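A quick note: this is a predicted structure, and the numbers were derived from the prediction, not measured. Residue numbers count from 1 along this sequence.
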Amino acid sequence: MPDRSPLTEHAAALAGTLLGKATHYPDRYDASLLEPLPRAPKRAELGLAGQPPFVGADVWTAYELSWLNTRGKPQVALAHVTVPCESTHIIESKSFKLYLNGYNGTRFASADEVRERLLADVNAAIWHGGAMQAGAGVRLTLPEDFGAERMQELAGLCLDRLDIACDRYGPPAPELLTAAFDEQPVQETLTSHLLKSNCPVTCQPDWGSVQIAYSGPQIDQASLLRYLVSFREHNEFHEHCVERIFMDITRYCRPARLMVQARYTRRGGLDINPWRASHPQAAPASARTARQ
């Protein structure tokens, strides 16, 4: 009987994508370019099945969206796309870039029509034929509102100030994590700009900043920073890295409440900013950081 383990299924899904292949860039709208990848195999690696023990979303920003109006004049906008973590699939980022590039030579009557088309196509991809439990969100920022776009660093105490020795660069080493279980619980927010992982197929570097807000046993900051550095040579998509960080901290540090978000630098005009939380909460402020 053929091996259909989660890892095998994940490898098979990646093999069918455009990652790592010479690619023709279309200039006409084509929804079929969007390639969904299932979340389940990577979650199975974390021991998760069924409903995950977190809420959250993956927030994409597309900086290179353009289309033609009905008279053929180019239009531009920023697109903010929110993919709920409940969705069965993520969208492979290169396919998203190709899909968005297809708008360049396509005429639309209005920005609202572009937004509605984006919303319908993203929803179809992230549920991949299944029943939609939570819809995506799409917001366009037009040029007249570009000046209102914010740049803001992640709030919290930065772990990077610590003068520590690091020698673990992959795979991620959750056993480094420690917390003060015999002391009074705390509530704090910690950040680092030293998160780096690699694309699981092309091995291109993905650079990010991470914010960890929690209440519970105080996490040893040096051990947390060493743990984050241990992703440095790890191959995994942005969304999966954030879920791994969330689950590792949950299991090794046992916080009462936890929120993890990462803001990754853009590649190909797209940035991806996943966040996961143990309890329902308002989404973190979606303002780009200096490196984005």
Q) Side-chain contact, heavy-atom cut-off 4.5 Å: Trp127 with Pro36? A) no
**Q.** Shared hydrophobic cluster for Leu162 and Val210 (ILVMFWY, side-chain gaps under 4.5 Å)
**A.** yes
(Q) Please determine whether a side-chain nitrogen of the Lys or Arg among Arg244 and Glu45 lies less than 4.0 Å from a carboxylate oxygen of the Asp or Glu. (A) yes
Q. What are the two closest non-hydrogen atoms of Ala111 and Leu140, and how far apart are they?
A. O-CD1, 3.5 Å
Q. Is Thr250 close to Leu258 at the side-chain level, that is, under 4.5 Å between some pair of heavy atoms?
A. yes
(Q) I'd like to know if the side chain of Lys196 reaches the main chain of Arg232, judged simply by a donor and an acceptor atom lying under 3.5 Å from each other, with no hydrogens or angles considered. (A) yes
Q) What are the two closest non-hydrogen atoms of Pro52 and Arg43, and how far apart are they? A) CG-NH1, 3.8 Å
Q: Can you measure from CH2 (Trp60) to OG (Ser286) and round to the nearest 0.5 angstrom?
A: 13.5 Å
Q | Considering all heavy atoms, the nearest Pro26-Leu33 contact | A | CG-CD1, 3.5 Å
Q. Distance from Ser87 atom OG to Met132 atom CE, nearest 0.5 Å?
A. 11.5 Å
Q | Approximate separation, where rounding is to 0.5 Å, of Asp248 CG and Ser230 OG | A | 8.5 Å
Q.
Checking His128 against Thr88 for the side chain to side chain donor-acceptor pair (under 3.5 Å) test, could you report, in this order, the C-alpha distance in whole Å, the side-chain angles of both residues, the deciding distance, and whether it holds?
A. CA-CA 8 Å; His128 198 44; Thr88 55; over 6 Å; no
Q) With distance as the sole test, does Asn69 use its side chain to make a donor-acceptor pair with the main-chain N or O of Gln75 at under 3.5 Å? A) no
Q) Do Pro200 and Glu236 come close enough that some side-chain heavy atom pair is under 4.5 Å? A) no
Q: Report the C-alpha separation of Glu35 and Tyr99 in whole Å, then their side-chain angles, then the decisive distance to 0.1 Å, and conclude whether the side-chain contact (heavy atoms from CB on, under 4.5 Å) test is met.
A: CA-CA 9 Å; Glu35 294 188 350; Tyr99 163 79; over 6 Å; no
Q) What distance separates His279 NE2 from Phe54 CZ, expressed to the nearest 0.5 Å? A) 14.5 Å
Q. If you measure from the Lys or Arg side-chain nitrogens to the Asp or Glu carboxylate oxygens, is any gap between Glu243 and Lys42 under 4.0 Å?
A. no
Q.
Check for me, please, whether Leu270 and Val76 land in the same ILVMFWY cluster - side-chain distances under 4.5 Å, paths through other members count.
A. no
Q) Just wondering, do Arg39 and Ile90 contact through their side chains at under 4.5 Å, heavy atoms? A) yes
Q: Please round to the nearest 0.5 Å and tell me the distance separating atom NE2 of His238 and atom SG of Cys199.
A: 9.0 Å
Q. Linking I/L/V/M/F/W/Y whenever their side-chain heavy atoms sit closer than 4.5 Å, directly or via other members, would Phe246 and Leu177 fall into one cluster?
A. yes
**Q.** Sole candidate of Ile91, Asp58, Asn273 that passes side chain to side chain contact (heavy atoms under 4.5 Å, CB included) when paired with Glu239
**A.** Asp58
Q. Taking all non-hydrogen atoms of both residues, which atom of Arg291 and which atom of Gly208 are closest, and how far apart?
A. NH2-O, 2.9 Å
**Q.** Greater than 12 external heavy atoms within 6.0 Å of Glu144's CD
**A.** yes
Q. Where do Ala77 and Phe146 come nearest, in terms of heavy atoms and distance?
A. CA-CZ, 4.3 Å
Q) Would you call the rings of Tyr29 and Tyr103 parallel, tilted or perpendicular, where under 30° means parallel and over 60° means perpendicular? A) perpendicular
Q. Where do Asn104 and Ser66 land on the side chain to side chain donor-acceptor pair (under 3.5 Å) test, with the steps shown first?
A. CA-CA 5 Å; Asn104 292 348; Ser66 181; 4.7 Å; no
(Q) Could you go through Tyr214 and Gln187, starting from their C-alpha distance and side-chain angles, then the distance that decides it, and tell me whether this counts as side chain to side chain donor-acceptor pair (under 3.5 Å)? (A) CA-CA 6 Å; Tyr214 75 97; Gln187 180 175 330; over 6 Å; no
Q. Taking side chain as C-beta onward, heavy atoms only, is Thr191 less than 4.5 Å from Glu153?
A. no
Q. Step by step, would you call Ile219 with Tyr252 a side-chain contact (heavy atoms from CB on, under 4.5 Å)?
A. CA-CA 10 Å; Ile219 299 172; Tyr252 282 80; over 6 Å; no
Q: Flag the pair Arg168 and Glu175 as a salt bridge only when some basic side-chain nitrogen lies within less than 4.0 angstrom of an acidic carboxylate oxygen.
A: yes
Q) Is the backbone of Thr70 close enough, under 3.5 Å, to the side chain of Arg107 for a donor and an acceptor to pair up by distance? A) yes
Q | Check against side-chain contact (heavy atoms from CB on, under 4.5 Å), Phe237 and Leu37 | A | CA-CA 11 Å; Phe237 291 131; Leu37 293 174; 3.6 Å; yes
Q.
Applying a strict under-4.5 Å side-chain criterion to I, L, V, M, F, W and Y, I'd like to know whether Leu225 and Leu154 cluster together.
A. no
Q) Heavy-atom distance under 4.5 Å between the side chains of Ile126 and Pro84, does that happen here? A) yes
Q. Is the shortest distance from a Lys or Arg side-chain nitrogen in Asp121 or Arg117 to a carboxylate oxygen in the other one below 4.0 Å?
A. yes
Q.
Return the CD to OG distance between Gln261 and Ser209, rounded to the nearest 0.5 Å.
A. 10.0 Å
Q) Between Tyr227 and Phe231, what is the ring plane arrangement, given parallel below 30°, perpendicular above 60°, and tilted in between? A) perpendicular
Q. If only atom types and distance count, is the side chain of Arg139 paired as donor or acceptor with the main-chain N or O of Leu78 below 3.5 Å?
A. no
Q: State, yes or no, whether a side-chain contact exists between Ile249 and Ile212 at a heavy-atom distance under 4.5 Å.
A: yes
Q.
When you compare the side chain of Arg288 with that of Thr61, does any pair of heavy atoms fall below 4.5 Å?
A. no
Q.
I'd like to know if Leu142 and Val114 are part of one continuous hydrophobic network [Ile/Leu/Val/Met/Phe/Trp/Tyr, side-chain heavy atoms within less than 4.5 Å].
A. yes
Q.
If I compare all heavy atoms of Pro217 with all of Ala180, which pair ends up nearest, and what's the gap?
A. CB-O, 3.8 Å
Q: Given side-chain contact (heavy atoms from CB on, under 4.5 Å), test Val229 with Ile164 step by step and report yes or no.
A: CA-CA 11 Å; Val229 169; Ile164 61 169; 5.6 Å; no
(Q) I'd like to know whether Gln152 forms a side chain to side chain donor-acceptor pair (under 3.5 Å) with Arg263, so could you lay out the CA-CA distance, the side-chain angles of the two residues, the decisive distance to 0.1 Å, and finally the verdict. (A) CA-CA 11 Å; Gln152 177 180 305; Arg263 297 198 65 87; over 6 Å; no
